[in-house]
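Here is the naming used below: chain letters follow the sequence lines, and residue numbers restart at 1 for every chain.
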Protein chains: 2
Amino acid sequence: MGTTERKRRQKQPLRERILDAARLIVTRDGFAALSMRKIADAIGYAPATLYLHFDSRDQIVRALCAEGYAQLLERFAPLAAIADPAERLKGLCRTYVAFGIEHPQSYRLIFMEDQPHTDAAFAGTAQAVDDSSDTASGLIARSLAQMKTAGRLPASADAAAWAEALWATLHGIVALHLMDATFPRTPLDTLVDTALDAWFGSAREPTSAAPSAAGVALDVPAALAPKRRSAKRPTAKPKAAQP
Amino acid sequence: MGTTERKRRQKQPLRERILDAARLIVTRDGFAALSMRKIADAIGYAPATLYLHFDSRDQIVRALCAEGYAQLLERFAPLAAIADPAERLKGLCRTYVAFGIEHPQSYRLIFMEDQPHTDAAFAGTAQAVDDSSDTASGLIARSLAQMKTAGRLPASADAAAWAEALWATLHGIVALHLMDATFPRTPLDTLVDTALDAWFGSAREPTSAAPSAAGVALDVPAALAPKRRSAKRPTAKPKAAQP
DNA sequence: GTCTATAGTCAGATAGAC
DNA sequence: GTCTATCTGACTATAGAC
């Protein structure tokens, strides 16, 4: 074990530098502009060296993506403590949108470009309603289910369908904004609130209990250390060339 | 003029064949797989020949995109005749989603990949509320404004914000589905209806502010003919390479 | 571990012969 | 109008010297 440990530790520094450089390029120029050459140039190594630490460009991309997704979940984590499901949901929605705006390239990769990872993000959706899964979708679905139980959704409502539609709304807001910066003429926060009001009737008369609209601190300080938990399955997909 | 006409007509056949081939490739393999060489191979010409009819690959892509957008507007056209704004809006929403599902590659290009065209699609959004603009967003915004006038939206609602949020929902549904075919576990039509019901209260009980003015359908003058205006400024953007 | 050198592909676009 | 031939440049990934 000691030997293995030491070996791994020797490798880490360069691996980190590769990821750092890759993150910089991606953040600045987008994922399409990421190439092994550019990374190598950025850290002052030859392209071939990168292959000692990553099997392929794709593996680097996946590592960055996993990082971004972990960040999103970290942002969600403190919200789980909010007892009122409506308030929690509001916080989740705002945090989701804020994340997309603040980390456009990560968001693009996770939800707009890389199908495998989009699939992964959706994986838990199905049973998430009663499961306390820690996926983005699971958290939203769970809050909605609780709200239905609390009678804040129409009895006829299908909580799972609402969760899907609500997520679509959030994704649509972020995705359209990332495609065209002028998109929401309405301020983003206002737009999210508009959507929430439309869905849950805050603008409508509060039938039973009027939530006093306790302001959710939507700025989660995020003491997040960029987690480097890289993707586990190598899943070397050697690019099926089509003749 | 006669000479110009004749020249243009001589060019058209091959131009069409180029576009046909390009459309096929794009529909089958996606936009990323579209290359001048593949088009040339498909129609049995040399790559260089394509440049007699198009300045660049980008111009071909734009032509396909304009085509797709015109198709979307054509699908919308007959819906303008629906007098009841709520019914019209429902039709618009379903049509929008259906188009995205049926023409995934066109949708991707217009709204998910090509920023210039996404920008163009959004261009009319601003004044569209009182304008009978023939953009996709304009049609939705106009219907919503009419619904508000008819009292079917909360008086406090900002019709423009609702329009943006509703569009985001539709886009989110389509975009997520295109990224992951398993996305809406709920059937697509059901999901759209769920959103519409939640937003406009068909499912809610008409407690106090009932849609009393059920028949207050504002008629719509806008007879928008399926405009074929392909609207393209060549805008040759020769790909700014970044050194 | 790291490098140089290179293989092998693909791409967009152009020159100039026919 | 159309072709062949080529320029230019991007990329991933590998082999083998140091």
Atom-to-atom span, [atom1] of [X] to [atom2] of [N] - whole angstrom:
| X | N | atom1 | atom2 | value |
| --- | --- | --- | --- | --- |
| A/Leu50 | C/dT2 | CG | P | 11 Å |
| B/Met36 | D/dT8 | CE | P | 20 Å |
| B/Arg15 | D/dT2 | CZ | P | 14 Å |
| A/Arg57 | D/dC11 | CZ | P | 9 Å |
| B/His53 | C/dA13 | NE2 | P | 16 Å |
| B/Leu52 | C/dA13 | CG | P | 14 Å |
| B/Tyr51 | C/dG12 | OH | P | 6 Å |
| B/Ile39 | C/dA11 | CD1 | C1' | 13 Å |

Please enumerate all protein N or O atoms sitting under 3.5 Å from an N or O of nucleotides 3-7 of chain C, with distances to 0.1 Å.
from: C/dC3; atom 1: OP2; to: A/Ala46; atom 2: N; distance (Å): 3.0
from: C/dC3; atom 1: OP2; to: A/Thr49; atom 2: OG1; distance (Å): 2.6

Do the charged groups of [X] and [Y] touch, with an N to O distance under 4.0 Å?
| X | Y | result |
| --- | --- | --- |
| B/Arg62 | B/Asp58 | yes |
| B/Arg23 | B/Asp20 | yes |
| A/Asp29 | A/Lys38 | no |

Problem - Check: A/Leu34 main-chain N/O paired with A/Arg57 side-chain donor or acceptor under 3.5 Å - result: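 Yes: the side chain of A/Arg57 pairs with the backbone of A/Leu34.
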
Exercise for the section: Can you figure out which of D/dA13, C/dG12, D/dT2 approaches the side chain of B/Leu14 most closely? Expected result: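 Of all the options, the side chain of B/Leu14 is nearest to D/dT2.
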
Below 3.5 Å, can you tabulate the donor-acceptor pairs from side chains in residues 169-178 of chain A to any protein atom, sequence neighbours excluded?
from: A/Thr169; atom 1: OG1; to: A/Ala165; atom 2: O; distance (Å): 3.0
from: A/Thr169; atom 1: OG1; to: B/Thr169; atom 2: OG1; distance (Å): 2.7
from: A/His171; atom 1: ND1; to: A/Tyr107; atom 2: OH; distance (Å): 2.7

Exercise for the section: Show your working on side-chain contact (heavy atoms from CB on, under 4.5 Å) between B/Leu191 and B/Phe183 and close with a plain yes or no. Expected result: CA-CA 11 Å; B/Leu191 194 59; B/Phe183 161 58; 4.2 Å; yes

